[in-house]
Amino acid sequence: MQSFIIAKKELTLLIRDKLTATVLFVLPFAMILILGLLLGEGFGQKTDDLMRISVLNLDKGFGLNNKPWAQHAIEDMVSTPNIKVEIIQNKELAEQLVKTGKRAAVIIFNPDFSDRVNECSFLSTGVNPFHRDGIYLEKLQVSIVKDNKQPATSAIIESVCQIALLRIVMPWMIGKAFEKLGDPEFIELLGKEVSLPIPPSLRLLIPKDKIPLGELLELASGKDVVLAKNYREKVGAGIQTALTGQFKNYNLTGKSWASLTRSVNNSETVNTLTTFKNEDGTGILKRGAIRYQILVPSFTVMFTFSLILISGWIFVAEKRQGTFNRLLSTPVSTPNILLGKFLPTIIISLFQIFFLLGLGKVLLGLKIGLPSWTLSDWMIALIILPLATSFCVASFSLLIGLLSKNETQLALFSSVPVCLFALIGGCIFPWEMMPDNAKTLAFLTPQGWALEAFREIMPSSFDTTTDFQLIWKSTLVLTSMGFILISITWITLGRIRFGNS
Amino acid sequence: MTQTHSVILKIENITKLHGQFKALNTISLEINRAEIFGLLGPNGAGKSTLLSILAGASKPSSGFAWLDGMEIQPNNLKLRARIGLVPQDFAFYEDLTAKENLLFFGQLFGMQGQVLTNKVNEILEIIGLDDEKAHQYSKYFSGGMKRRLNLGIALVHSPDILMLDEPTVGVDPQSRNRIFEAIKIINAMGTTVIYTTHYMEEAESLCNRIAILNHGEIIACDTLQNLLSLTQTTINFSIHENDQTKSGILQNKLPELKSEPLQGSYSLTSHKNSTPDIINLLVNEKIQIINLHLDSPNLEKVFLSLTGRHLRD
């Protein structure tokens, strides 16, 4: 088939052009690598909507409901709106994260934290954790490792910690104190402290002006010890009931903030508890860094579409050299000529995609696909999607190359699909760094569709599913664009060849 | 008419407009099989435009051209295999070797295997590119070698008719001779050749018949001899200054003689057979001749006489 002869010739010419081959394959990877090393961990990731609180939980004791108090504190923070809690695995890591400025502060619940909370009480024998501004953290065996260069953020984190601890310790202490109201010791104390006046009519029986409550209860029990104890307990229960009735908006025995304040459970609370993951990569190349999940698809798509310029340039050069007219003067049919020009671009484009993904996988630890993918999923991701992208690129290349009469025109015509579309499509600046409506605009470009699908097959660490519907949709859009462009090219070439030129 | 003189290409009233400009104006020609037909004309006369139409690369605004009775049209791809076009500019891939270029274009014309290999080797020999040059990237070729490769590509599919658009522009004499030899070999093998040039010497030395094109019109079309007969030989001579007084005798005997008295030079446009008469006259009158030369007819003079301007103006 003559189209294969033309395609073979095109590929031979390209292979012999070492500089172009370098630009096509080495440059994109070099850019990925350089940016990967230069950019920070958070590159391309959407700014957190939630305040991140990093916590190291070393608590070994137990508190309310046999659960460590640190766990209660963490749950309290998790259920606080606009806060997400990140669990740090060990102290060395916590210190390292703060030292390197990756975290402003890490809250550490030390091993004795639960024991110290348990000891907190309003009684004189208990630990009083309060001071004017909040809670003495050291008294509760809580420490905060702070980055001095991020004082504002670490101050906010400390405030969050203070509030959480207040919500833990305060109800616990109130609940314990309320229980103490029924204790015989308290009634004994109350009996001594409260004296009631004796009415004159009874002064013959009790020759005093006043009588302490405790004595009165003993008198009422007829000196019966058991009955007296019973009366004292009744007084205690009565006080508790009276207080409960008096402060009925609160559950004074609740011992937790939610129970104390009789809060209704918010069913919309989202679980924002996460565990720290190292997304900055390891080694010299920062292998496995999360930013490669954005850089590799972005540059793969961008450089694949930059083939428009290179293929177009080859086309224009061929027209300038006169070989294109010579080609048209052969008996080869127009579709065969078109196919002959089309196939090499598709082959190069596919090769470029696999080259970049392959190097990304091997050298940069790029994550492609999910463990749950089936064979057909892999085929969609690694065959159908790259084919559709390459088809669109090849169609674009031919049309631009055919319409450009010289290199200047080519540079002008191709700057739109290569540069502008890459920018709008999110290849240069990730959508996460752009305004909210940027993504809508991106879908006007083939790069936007391709990138969306490629990013779907290279999931971030938080993605647990793949939207194959989106990949199919992108594939369909890219293929449709390709068909439209190649149809225009076919018509244009036919007019050039057989028209009144 | 014998087979060798049968018409292979017939052109009838071809006109080509580029906007308002008439590049070709009702051109009609007949080109015989196996002849070398020259299209002579100055730059911009319309030679390349006509060749482009004849090669099926572009459409005439009006008129027709037939190759062996089949109308030449851009969409008639079957006819392409019978035509070999050598464009004015180099049209090959500079990053392919000469052999690769020939193989590539041969394959596009449906040739393959040993037939193609043999043909390519034959063409390389005809155009004078040895085995070493055949395997060199053509970007390293000299201008002459590039011209020859340009010709070779048009020959690789053994066309019935070969059209050459100024194939010797900017080449050294050695390469020009190579090209001429190749054309003669191809023609001897039965290929009809249409050769466009603005070098009259080339047309004179190669072509059986020549059409002179000027401003998109054929102003003459005939064999070389017939075209040359449109002008006459001019005899130019100078006499010694001592014999200037005898100029009156010469004027009386040769009334058509044109003289330039200040330099003692004379010229006479006449038939060649009058030359001895003039010499006899000068000898008889004892007029001393300083120099005498014959200015024979050529296409330049033909063009000048037909258009009033020089071919290379």
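Only heavy atoms go into these numbers, but all of them, side chains included; no hydrogens, no water, no symmetry mates. Everything numeric in this text was worked out from a predicted model, so none of it was measured. Proteins get letters first, then strands, A, B, ... in listed order; numbering begins at 1 in each.
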Of B:D95, B:N75, B:L108, the largest count of non-hydrogen pairs under 4.5 angstrom with chain A goes to B:L108

- request: May I ask you to say whether B:K47 pairs ionically with B:D165, meaning some side-chain N is under 4.0 Å from a carboxylate O?
  value: no

- Message: For A:F25 and A:F355, take the angle between the two ring planes, folded into 0 to 90°, and tell me which bin it lands in: parallel under 30, tilted 30 to 60, perpendicular over 60.
- Response: perpendicular

So, the part of A:T330 with a heavy atom under 4.5 Å from chain B: the answer is both

Query - Main-chain N/O of B:A34 paired to B:T192 side chain as donor or acceptor, under 3.5 Å - result: yes

Cut-off 4.5 Å, heavy atoms of chain A, and the answer for B:Q88 is neither

Most contact-rich option vs chain B, by heavy-atom pairs under 4.5 angstrom, among A:Q321, A:R16, A:E318, is A:R16

Where the side chain of B:R80 meets the backbone of B:G56, is there a donor-acceptor pair that is under 3.5 Å apart?
yes

Turns out that what part of B:N150 lies under 4.5 Å from chain A's heavy atoms comes down to both

Is it true that B:E181 and B:K184 make a salt bridge, defined as a side-chain N closer than 4.0 Å to a carboxylate O?
-> no

Cut-off 4.5 Å, heavy atoms of chain A, and the answer for B:A55 is neither

The interface call for A:I5 against chain B, heavy-atom contacts under 4.5 Å, is both

Whatever's closer than 4.5 Å to a heavy atom in chain A on B:L103 counts as neither

message = Does this structure show an ion pair linking B:D68 with B:R33, if we count only N-O contacts that are shorter than 4.0 Å?
response = yes

Turns out that what part of B:F90 lies under 4.5 Å from chain A's heavy atoms comes down to backbone

Max heavy-atom pairs within cutoff under 4.5 Å with chain A, candidates B:Y93, B:F92, B:Y137, goes to B:Y93

For B:H157 and B:F109, take the angle between the two ring planes, folded into 0 to 90°, and tell me which bin it lands in: parallel under 30, tilted 30 to 60, perpendicular over 60.
parallel

